[in-house]
Amino acid sequence: MRSRSGPTRRSFLGAAAAAALPPACVIPRGGGAAPSSQVPPDRRAGRPAPDLDALLAQMTLDEKIGQMTQADKTAIGDGRDVHGLCLGSLLSGGDSLPVPNSPQTWAEMTDRFQTQALSTRLGIPLIYGVDAVHGDGDVRGAVLFPHNIGLGATRDPELVQRAARVTARETAGSGARWAFAPCVAVARDERWGRTYESFGESPELVEVLGAAAVRGLQDAGDAGAVLACAKHFVGDGGTAGGKDQGDTRAGEAELRRVHLPGYRSAVKAGVGSVMVSYSSWNGVPMHGNRHLVTEVLKGELGFTGFVVSDWAAIDKMSPDYTADIERAVNAGVDMIMVPIRYREFVARLKALVAAGRVSPARIDDAVRRILRQKARFKLWERPFADRALTAAVGSAEHRAVARQAVRQSLVLLKNDRATLPLRPGVRVHLCGFRADDLGVQCGGWSVGWRGHKGTFTTGTTVRQALEQALGSARLTFSTDGAGAASADVVVAVVGEDPYAEGSGDRAKLELSPSDRALIASAKQSGKPLVVVLIAGRPLILGDVLSDASAVVVAWLPGTEGAGVADVLSGAARPTGKLPCSWPRSMAQIPVNVGDASYDPLFPYGFGLSW
Ligand code: BGC
Ligand code: BGC
């Protein structure tokens, strides 16, 4: 419909809506000068945040609605509309990445958009949001941590806080000052494609680690701190059948007991934003639930930050977009992640206010909440990306924190006859393509929404790391297990390919036929077999458990495969504990700690060591 250069406002919206667009918020452009030259020097240099009540009093309705609007980078083209519509926020969806993609191009891009915002009448800075859910996954070269499920296995809030602090500083280095993280979902059904984004199945674990992540993201120093976002409010991990964006069927007491504690603790830790869930609760879409968003979250829990919608989520509530906007804003959603049809959103919300369907007081409340967080994260003082942080993206120091997190996330499920750690001097045959695939290690939300196989960023595969740890003379490698017989021990790496959200929903979680063939071929060698799982959730092990002498779960470790080699080689002891119950079969799912009859293959909290 809308090309990048764009039809005129008139043709896109119709004359009436075009007239409603705000000419008022622009500083007149002088003689075709570049937008950057229009930013007054004090705004470029940074300045103290103004008194927010006084600022609000000066704002026109157009300027207020602009603050409530978040557009995606791909829809905004050169960013002229940031200026023209006084937009308050932009995001990069999982695939909205600059080309070429580097920390530097990110900083330049976000600075360009910021320049547009600063050149408006009031010069309110923009806040740029990204899915920095395991490190700043959008940026090529950034360090990527284990996904949350692996962090859940560490049981270590101090480590999670440290990891989040690194994520914050790398994210800020790219010029984004808002991370859509942490995900405080309590994943109750492994069929759900977002299980790996959850710290685990127990509300207590999510409570503790979610709060630690909030602190790490938001307390990373004046330049390095980013606004955190607890998501997805509420009950996203409890949908029937583990269906993404599905329906959570539970009484309010159950919803509060399982899915709310993560928000209570995130709010206590000072989280500045909360994202609403695509899912519904007993058939009612969360984006229209005034009781939970306004009464419970903002009222009862005392949340003073702002609520953002999920990606195009309000559109899904009904076929009537105007009615959806009315319902969501009145339910208490303060900023709308539109993210594409933002002109239409602006015009329709404005019409709703004119018609008295959305009150000026609700608009003021939303805008005040947004401005307060911008002031808190010093966007007036430091509107642009800090180039010292840009230069530190992917640094050795940051990678060391991730390697530590990987070590601590590994869970040892079986270790017969002390097969692990690999004894000094043994010859090892490593097999399976997953042992040498950085993309598989990273999973989704890694330089692309659903991630990719192969090498697309900087990091160390398990194979490279084991070669370093053991020496190449002691390690052979094959994708299919050929050559295993000439070694003393075989290590087979099996698991899942990258996915995100609904594309990861699965009715079956058995190993793939090719992974099973790999294990069969490795077993034929007659040598002790170590199976390493690289997966975002428990997989049904079946015979693998008896075929293998040792089984290690590495989750989705991210870029630092050296952490896996540290444990296999004995440089570090395994300490990870299962963040979720390990089911015996598909028929047993869902199985969660505390169930009336509880008989998983491995219980919540299981994990061996030596
Ligand atoms: C996801 C969110 C994410 C947003 C922006 C949505 O599809 O549900 O978790 O923050 O996209 O990428
Ligand atoms: C975006 C993601 C978003 C998803 C929602 C994708 O195109 O890149 O960020 O979460 O759409 O469906």
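Each ligand, and each atom within it, is numbered from 1 in the order the structure gives. This is a predicted model, so every value here is computed, not measured.
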Check: Y128/S92 side-chain N/O donor and acceptor closer than 3.5 Å: yes
Applying a strict 4.0 Å limit to heavy atoms, is M275 in contact with ligand 1? yes
Say whether H232, considering both its backbone and side-chain N or O atoms, lies within less than 3.5 Å of an N or O atom on ligand 1. yes
Contacts of type ring pair (Phe, Tyr, Trp, His ring centres under 6.0 Å), residue F306, not counting sequence neighbours: W178
Should you measure from each heavy atom of F180, which atoms of ligand 1 turn up under 4.0 Å away? 10 (O)
Does this structure show an ion pair linking E201 with R188, if we count only N-O contacts that are shorter than 4.0 Å? no
Could you see which bit of Q70 sits under 4.0 Å from ligand 1, with heavy atoms only: side chain, backbone, both or neither? neither
Report, in ascending order of atom number, the atoms of ligand 1 lying under 4.0 Å from any heavy atom of E501. 1 (C), 6 (C), 7 (O), 8 (O)
Polar atom proximity, E197 to ligand 1 (N or O, under 3.5 Å): no
For W449, which part has a heavy atom under 4.0 Å from ligand 1: side chain, backbone, both, or neither? neither
Would you say ligand 1 has an N or O under 3.5 Å from any N or O of K231? yes
Can you name the residues that form a side-chain hydrogen bond (donor to acceptor under 3.5 Å, both in side chains) with D334, not counting sequence neighbours? K298, R362
What atoms of ligand 1 come closer than 4.0 angstrom to any heavy atom of W311? 6 (C), 7 (O), 11 (O)
Checking side-chain polar atoms at under 3.5 Å, does H398 have a donor or acceptor matched by the opposite partner on T167? no
Taking 4.0 angstrom as the limit and counting only heavy atoms of R194, give me the atoms of ligand 1 inside it, by number and element. 1 (C), 2 (C), 8 (O), 9 (O)
Using 30° and 60° as the class limits, which term best fits the ring planes of F233 and Y263: parallel, tilted or perpendicular? perpendicular
Report, in ascending order of atom number, the atoms of ligand 1 lying under 4.0 Å from any heavy atom of D310. 1 (C), 2 (C), 3 (C), 4 (C), 6 (C), 7 (O), 8 (O), 11 (O)
Using a 3.5 Å distance criterion without hydrogens, assess whether the side chain of R80 forms a donor-acceptor pair with backbone atoms of Q116. no
Note, R191 side chain near M586 side chain (heavy atom, < 4.5 Å): yes
With nothing but distance in play, are any N or O atoms of D131 less than 3.5 Å from an N or O of ligand 1? yes
